[in-house]
J.: 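Got a structure for you, written out below as structure tokens; questions coming shortly.
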Amino acid sequence: MSVTYNIKINIVRRGKIDLSSTDILESLIDAGWSLFSEENLIIYTDIGDDDDFNFMSKSMNKNQYYTIVKQKQKNDEVIGLAMFFSEDNYRYRIDVIITSEFEIIISPDDATKKMLSYDLDLLDVNWYFYRIIPYLTNKKMLVESFSFSQY
């Protein structure tokens with residue numbers, strides 16, 4: 001039986017400032033996360049894939065991907081993608097979902113999740129919080145709430 005880990009974050013915009021999903025992605029990039037896999041591909045859900053989560057991978061640059069994100073946001077579609085973090089010669093992957101209400105759901109990938117204890121099957125939640133939460137509070141947005149669940 002596998003364990004599923006989810007970090008749920010609710011974002012609100014500051015005042016009347018425009019906020020977009022690309023602003024959230026840029027904040028995660030500022031935190032050291034990357035859009036690109038080791039093969040230099042972006043792993044994402046395409047336009048029209050709202051709740052199917054049929055991830056695909058494609059070679060493109062960030063601006064080309066942001067065009068897809070903007071179209072999905074315009075269509076009120078859920079945005080899904082993988083992001084990567086390199087540390088100590090190891091590469092971690094998270095799957096990120098962003099809703100039209102700016103709820104972010106982050107799931108560490110089973111194959112690369114950062115563990116506090118493998119023997120006890122404990123995810124290093126603080127490692128993820130430290131590399132995500134502070135970066136989502138800036139001049140455009142605030143973290144309204146966040147939670148962690150494991151099941």
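Values below: all heavy atoms of this structure, side chains included; hydrogens, waters and symmetry mates excluded. This structure is a prediction, so every number in the text was calculated from the model and none was measured.
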J.: Which value, rounded to the nearest 0.5 Å, describes the distance between K8 atom NZ and S145 atom OG?
T.: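 Rounded to the nearest 0.5 Å, the NZ-OG separation comes out at 9.0 Å.
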
J.: Checking T112 against R93: is there a side-chain donor and acceptor pair closer than 3.5 Å?
T.: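 The criterion, which ignores hydrogens and geometry beyond distance, is not satisfied for T112 and R93.
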
J.: Mark yes when over 12 heavy atoms from residues, nucleotides or ligands other than K113 sit less than 6.0 Å from its NZ; otherwise mark no.
T.: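 For K113, atom NZ is crowded (more than 12 foreign heavy atoms under 6.0 Å).
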
J.: Could you go through I47 and I68, starting from their C-alpha distance and side-chain angles, then the distance that decides it, and tell me whether this counts as side chain to side chain contact (heavy atoms under 4.5 Å, CB included)?
T.: CA-CA 7 Å; I47 296 168; I68 294 169; 3.9 Å; yes

J.: Could you list the cluster mates of L120? Members are the ILVMFWY residues connected by side-chain heavy atoms closer than 4.5 Å, either directly or through other members.
T.: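 Besides L120, the hydrophobic cluster comprises L116, L122, listed by chain and residue number.
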
J.: How long is the straight-line distance from CD1 of I42 back to CG of N61, given to the nearest 0.5 Å?
T.: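 Answer rounded to 0.5 Å: 7.5 Å.
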
J.: When you measure from the side chain of E77 to the backbone of G48, do you find a donor-acceptor pair of N or O atoms at a distance under 3.5 Å?
T.: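 Yes; at least one donor-acceptor contact below 3.5 Å.
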
J.: Starting at CG of N40, measure out to CE of M60 and round the result to the nearest 0.5 Å.
T.: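 The distance works out to 11.5 Å.
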
J.: For the residue pair K140 and I17, what are the closest heavy atoms and their distance?
T.: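 Heavy atoms only, the tightest pair is CG-CG2, 3.8 Å.
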
J.: Examine F146 and L19 and state if one hydrophobic cluster contains both, with Ile, Leu, Val, Met, Phe, Trp and Tyr joined whenever side-chain heavy atoms are less than 4.5 Å apart.
T.: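 They do share one cluster, since a chain of ILVMFWY contacts under 4.5 Å joins F146 to L19.
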
J.: Go through M141 and S27 one step at a time and tell me if the side chain to side chain contact (heavy atoms under 4.5 Å, CB included) criterion holds.
T.: CA-CA 10 Å; M141 66 188 112; S27 294; 3.2 Å; yes

J.: Identify, with sequence neighbours excluded, every residue that meets side-chain contact (heavy atoms from CB on, under 4.5 Å) alongside D119.
T.: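 Residues passing side-chain contact (heavy atoms from CB on, under 4.5 Å) with D119: S117.
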
J.: Answer yes if the ring centres of W33 and Y92 are under 6.0 angstrom apart, and no otherwise.
T.: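 No, ring centres 6.0 Å or more apart.
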
J.: Within the side chain of R91, is there an N or O that forms a donor-acceptor pair under 3.5 Å with the backbone of F85?
T.: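 Flag not set: sc R91 to bb F85 has no pair under 3.5 Å.
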
J.: Under 30°, 30 to 60°, or over 60°: which ring-plane class applies to Y5 and F148, parallel, tilted or perpendicular?
T.: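 Ring orientation of Y5 relative to F148: parallel.
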
J.: Rounded to the nearest 0.5 Å, what's the gap from OG on S147 to CD1 on I7? Could you check?
T.: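 Going from OG on S147 over to CD1 on I7, the span is 9.0 Å.
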
J.: Output, in order, the C-alpha distance, side-chain angles, deciding distance and verdict of side chain to side chain contact (heavy atoms under 4.5 Å, CB included) for I43 and M56.
T.: CA-CA 6 Å; I43 301 169; M56 55 190 296; over 6 Å; no

J.: Going by the side chain to side chain contact (heavy atoms under 4.5 Å, CB included) test, name the single residue among I132, I104, I11 that passes it with V143.
T.: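 That would be I11; it is the only one of I132, I104, I11 passing the side chain to side chain contact (heavy atoms under 4.5 Å, CB included) with V143.
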
J.: State, without any angle test, whether E26 and Y66 hold a side-chain donor-acceptor pair at a distance under 3.5 Å.
T.: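 A donor-acceptor contact under 3.5 Å links the two side chains.
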
J.: So if you build clusters from Ile, Leu, Val, Met, Phe, Trp, Tyr with side-chain heavy-atom gaps below 4.5 Å, do I97 and V12 land together?
T.: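 Different hydrophobic clusters.
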
J.: Counting distance only, does the side-chain N/O of D109 pair as donor-acceptor with the main-chain N or O of A111 below 3.5 Å?
T.: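 Flag set: sc D109 to bb A111 pair under 3.5 Å.
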
J.: Report yes if the side chains of F102 and N10 come closer than 4.5 Å at any heavy-atom pair, otherwise no.
T.: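 F102 vs N10: side chains apart.
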
J.: Can you find a pair of side-chain heavy atoms, one from L142 and one from R14, that are under 4.5 Å apart?
T.: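 The answer is yes, as the side chains (C-beta and beyond) meet within the 4.5 Å cut-off.
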
J.: Side-chain contact, heavy-atom cut-off 4.5 Å: L136 with I9?
T.: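 In contact.
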
J.: Same cluster or not: are L35 and L41 linked, directly or through other Ile, Leu, Val, Met, Phe, Trp or Tyr residues, by side-chain heavy atoms under 4.5 angstrom apart?
T.: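 Each belongs to a different hydrophobic cluster.
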
J.: Taking the side chain from D88 and the backbone from Y90, do they hold a donor-acceptor pair closer than 3.5 Å?
T.: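 Side chain of D88 to backbone of Y90: no pair is present.
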
J.: For the hydrophobic clusters of this structure (ILVMFWY residues joined by side-chain heavy atoms under 4.5 Å, transitively), does one cluster hold both W127 and Y118?
T.: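 W127 clusters together with Y118.
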
J.: Which heavy atom of F36 sits nearest a heavy atom of K62, and at what distance?
T.: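 Residues F36 and K62, closest heavy atoms: CZ-N, 4.0 Å.
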
J.: Taking the six-membered ring for Trp and the single ring otherwise, decide whether the centroids of Y44 and Y65 are under 6.0 Å apart.
T.: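 Yes: the rings meet the under 6.0 Å criterion.
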
J.: Using atom types as modelled and distance alone, determine if a side-chain donor or acceptor of K70 lies under 3.5 Å from a backbone N or O of T22.
T.: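 Side chain of K70 to backbone of T22: no pair is present.
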
J.: To the nearest 0.5 Å, tell me how far F84 CZ sits from S37 OG.
T.: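 Spacing of CZ (F84) from OG (S37) equals 5.0 Å.
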
J.: Quick one: hydrophobic cluster around Y135, which other residues, with the 4.5 Å side-chain cut-off, linked directly or via members?
T.: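 Members alongside Y135: none; it stands by itself.
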
J.: Quick one: does I94's side chain get under 4.5 Å of S107's, heavy atoms only?
T.: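 SC-SC contact between I94 and S107 ruled out.
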
J.: Quick check: do S20 and Q73 have side-chain heavy atoms less than 4.5 Å from each other?
T.: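 With C-beta onward as the side chain, the pair touches.
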
J.: For a side chain to side chain contact (heavy atoms under 4.5 Å, CB included) check, start with the C-alpha distance between E87 and R131, then their side-chain angles and the critical distance, and finish with the verdict.
T.: CA-CA 11 Å; E87 179 182 76; R131 284 158 183 80; 2.9 Å; yes

J.: One thing to verify: whether K114 and D124 come together as a salt bridge, which I'm taking to mean a side-chain N less than 4.0 angstrom from a carboxylate O.
T.: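 No.
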
J.: Do N6 and Y151 have side chains that get closer than 4.5 Å, going by heavy atoms?
T.: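 N6 reaches Y151 side chain to side chain.
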
J.: Between Y128 and Y130, is the ring centroid distance below 6.0 Å?
T.: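 No; Y130 has its ring centre 6.0 Å or more from that of Y128.
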
J.: About how many Å separate CG of L81 and CE of M83, when rounded to the nearest 0.5 Å?
T.: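 Reported value, rounded in 0.5 Å steps: 6.0 Å.
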
J.: Which pair of non-hydrogen atoms, one from N54 and one from D49, has the smallest distance, and what is that distance?
T.: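 Looking at all heavy atoms of both residues, the closest pair is N-OD2, 2.7 Å.
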
